[in-house]
There are 2 protein chains.
Amino acid sequence: MKPTILVIDDEPQIRRFMRISLGAEGFSYLEAENAARGLELASSHRPDLIILDLGLPDQDGFTTLQALRQWSRVPVLVLTARDAEEEKVKLLEGGANDYLSKPFGIKELIARVRVLLRDLPGQPPSTGTGTLDFGALVIDPDNHNVYFSGEPLTLARKEFAVLYYLASNHGRLVSHESVLTAVWGETHNEDTHYLRIIVSQLRKKLSDNPDAPEFIKTEPGIGYRFILCPEPSISSDSANPGPD
Amino acid sequence: MKPTILVIDDEPQIRRFMRISLGAEGFSYLEAENAARGLELASSHRPDLIILDLGLPDQDGFTTLQALRQWSRVPVLVLTARDAEEEKVKLLEGGANDYLSKPFGIKELIARVRVLLRDLPGQPPSTGTGTLDFGALVIDPDNHNVYFSGEPLTLARKEFAVLYYLASNHGRLVSHESVLTAVWGETHNEDTHYLRIIVSQLRKKLSDNPDAPEFIKTEPGIGYRFILCPEPSISSDSANPGPD
DNA sequence: ATCGAACTATAAAATTACCGTAAAATCTTG
DNA sequence: CAAGATTTTACGGTAATTTTATAGTTCGAT
């Protein structure tokens, strides 16, 4: 489904410019020439994003934004002719999501539109900031969710904690002790068998073959290493490139 | 909980400036003087937002961003000395969430930081009034009314408070502690049995089968999650819920 | 090469932790 | 006080964790 963008601007040539540019980018397009009509369209058509020009003939831009924010949280990008910091701050704190001063490049406008649509709250399974996203594997500690190849994965608490700890240290070798301390606490930092069982269960759920593990590698006598970042080229013998 | 901001910049005076300004705004502050150290801190401390200066000594800013985006979706605000549109577009499409050219006003920077933190996916869906309207379920805290499938529901005070708290965070996992703290207060934030009983009664009144709950899901050992698919109605053409 | 020590993976049993709910006891509120 | 709300107490069921046990692997010394 194409995202719909509502442009509220009183200058016909700007609207025309937007219509062409946004249309070419594959967005569905709506326009209004004043604030009243803009709010009406916002209410009736529920656009996915609003581009709001300040300095409309019928109403102050800040007031318009406030009216909109009474009932909607749709992302709003504000355009203005002036470049006053005071104004920017006021608008952004008043609920605008982004701000662009004229003259602006159309490429930048479109890039910012994309960002706002991309970061739309609650789009995919809503995720928190602590989320680890490896593409194929997404771990969201705030919601205690794991997605593997798009499918949600059900993990017990210890399983989740171990996977999260390993994934937080992706690429790095982590010792048995550090995992045990992090997940079970100081008192159990030598009970490596706890860890073995959880790792075994994790590999089962990740369909990771323990004889040739793709994700959770065993480092005999030391610990485990979680791998997922696509690190192709690095040949096996080359010296450690990182600062260690 | 104070949000934590990580500043990655090689110029000491900028870092100092940031430390003072952001600290004064009540943010928790972390800093790194190069990309390698920045990525390390991002991984180990999980900041809520990152301010990334381009033109770091050890690594290209775009590369740094890409490395970060391999596993994290923490919001990133990029700072740069140049004001080239090409670069802006590249960064924004590469996963940056906002972009600011030097020289910038500190007020604007802080406003943009606030916007990024405010618009995190999965924030409370409050829209002005306190009423939560999920279609099938309407919760009006002002009048202490609940309607379920059109029928009014009689809830005791604690029942109401718990339901309202869960519904305010719909879709998200809320811990036992947070509900207990919100409804019973700090002193009872470990008395999970209170909560179990209220949830049991709520499910009874919502005819929610606890073995396969539709609305209030249990996350063992952690808390609960309120789910309610929003009404799929709003047909594309005629339905006009707004003013006419 | 063979053996054994140290390590690993995992199945299965035993134990424990946690949940849901009923019912009794206590407290609130009108 | 009386009805209703809340807290306390208790118990059965289920799932997670820990314990126990077994089998396979690696590696070095004999």
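Below, all heavy atoms of this structure are taken into account, side chains as well, without hydrogens, waters or symmetry copies. What you see is a predicted model; the values in this text were computed from it and never measured. Naming: A, B, ... by sequence-line order, numbering from 1 per chain.
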- prompt: Are there more than 12 heavy atoms of other residues, nucleotides or ligands under 6.0 Å from atom CD of A:E190?
  reply: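 Not buried by this count: 12 neighbours or fewer within 6.0 Å.
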
Can you tell me the distance, in whole Å, between the [atom1] atom of [X] and the [atom2] atom of [N]?
| X | N | atom1 | atom2 | value |
| --- | --- | --- | --- | --- |
| B:Q201 | C:dC19 | CD | C1' | 15 Å |
| B:L180 | D:dT7 | CG | P | 10 Å |
| A:E219 | C:dA6 | CD | C1' | 17 Å |
| A:R157 | C:dC19 | CZ | P | 7 Å |
| B:K158 | D:dG4 | NZ | P | 19 Å |
| B:K217 | C:dC18 | NZ | P | 22 Å |
| A:Y194 | C:dT15 | OH | P | 15 Å |
| B:E159 | D:dT7 | CD | P | 12 Å |

Determine: side-chain N/O of [X] to OP1/OP2 of [N], distance under 4.0 Å, yes or no.
| X | N | answer |
| --- | --- | --- |
| B:H193 | C:dG20 | no |
| A:K204 | C:dA9 | no |
| B:Y224 | C:dG20 | yes |
| A:R196 | C:dC7 | no |
| B:W184 | D:dT7 | yes |
| A:S200 | C:dA9 | no |

- prompt: Does any N or O in the side chain of B:N169 come within less than 3.5 Å of the main-chain N or O of B:Y165, such that one atom is a donor and the other an acceptor?
  reply: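 At least one qualifying donor-acceptor pair exists.
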
query: In terms of side-chain heavy atoms, does A:S178 have a donor or acceptor partner in A:S175 at a distance below 3.5 Å?
result: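 On atom types as modelled, these side chains qualify, holding a pair under 3.5 Å.
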
- request: Report the residue from B:L100, B:L91, B:N97 that forms a side chain to side chain contact (heavy atoms under 4.5 Å, CB included) with B:V78.
  value: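 For B:V78, the side chain to side chain contact (heavy atoms under 4.5 Å, CB included) test succeeds with only one of B:L100, B:L91, B:N97, which is B:L91.
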
Mind checking if [X] touches a base, just sugar-phosphate, or nothing, with heavy atoms under 4.0 Å?
| X | answer |
| --- | --- |
| B:F160 | nothing |
| B:H188 | nothing |
| B:T192 | nothing |

message: Assuming nearest nucleotide by heavy-atom distance, tell me which of B:L155 and A:I197 is located more 5' along DNA chain D.
response: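 Closest to the 5' end, via its nearest nucleotide, is B:L155.
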
message: The side chain of B:R203 is closest to which nucleotide in this list: C:dG20, C:dA9, D:dA16?
response: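 Of the candidates, C:dG20 comes closest.
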
query: Salt bridge check: are B:D98 and B:R112 linked by an N-O gap of less than 4.0 Å?
result: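 The answer is yes: the pair qualifies as a salt bridge.
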
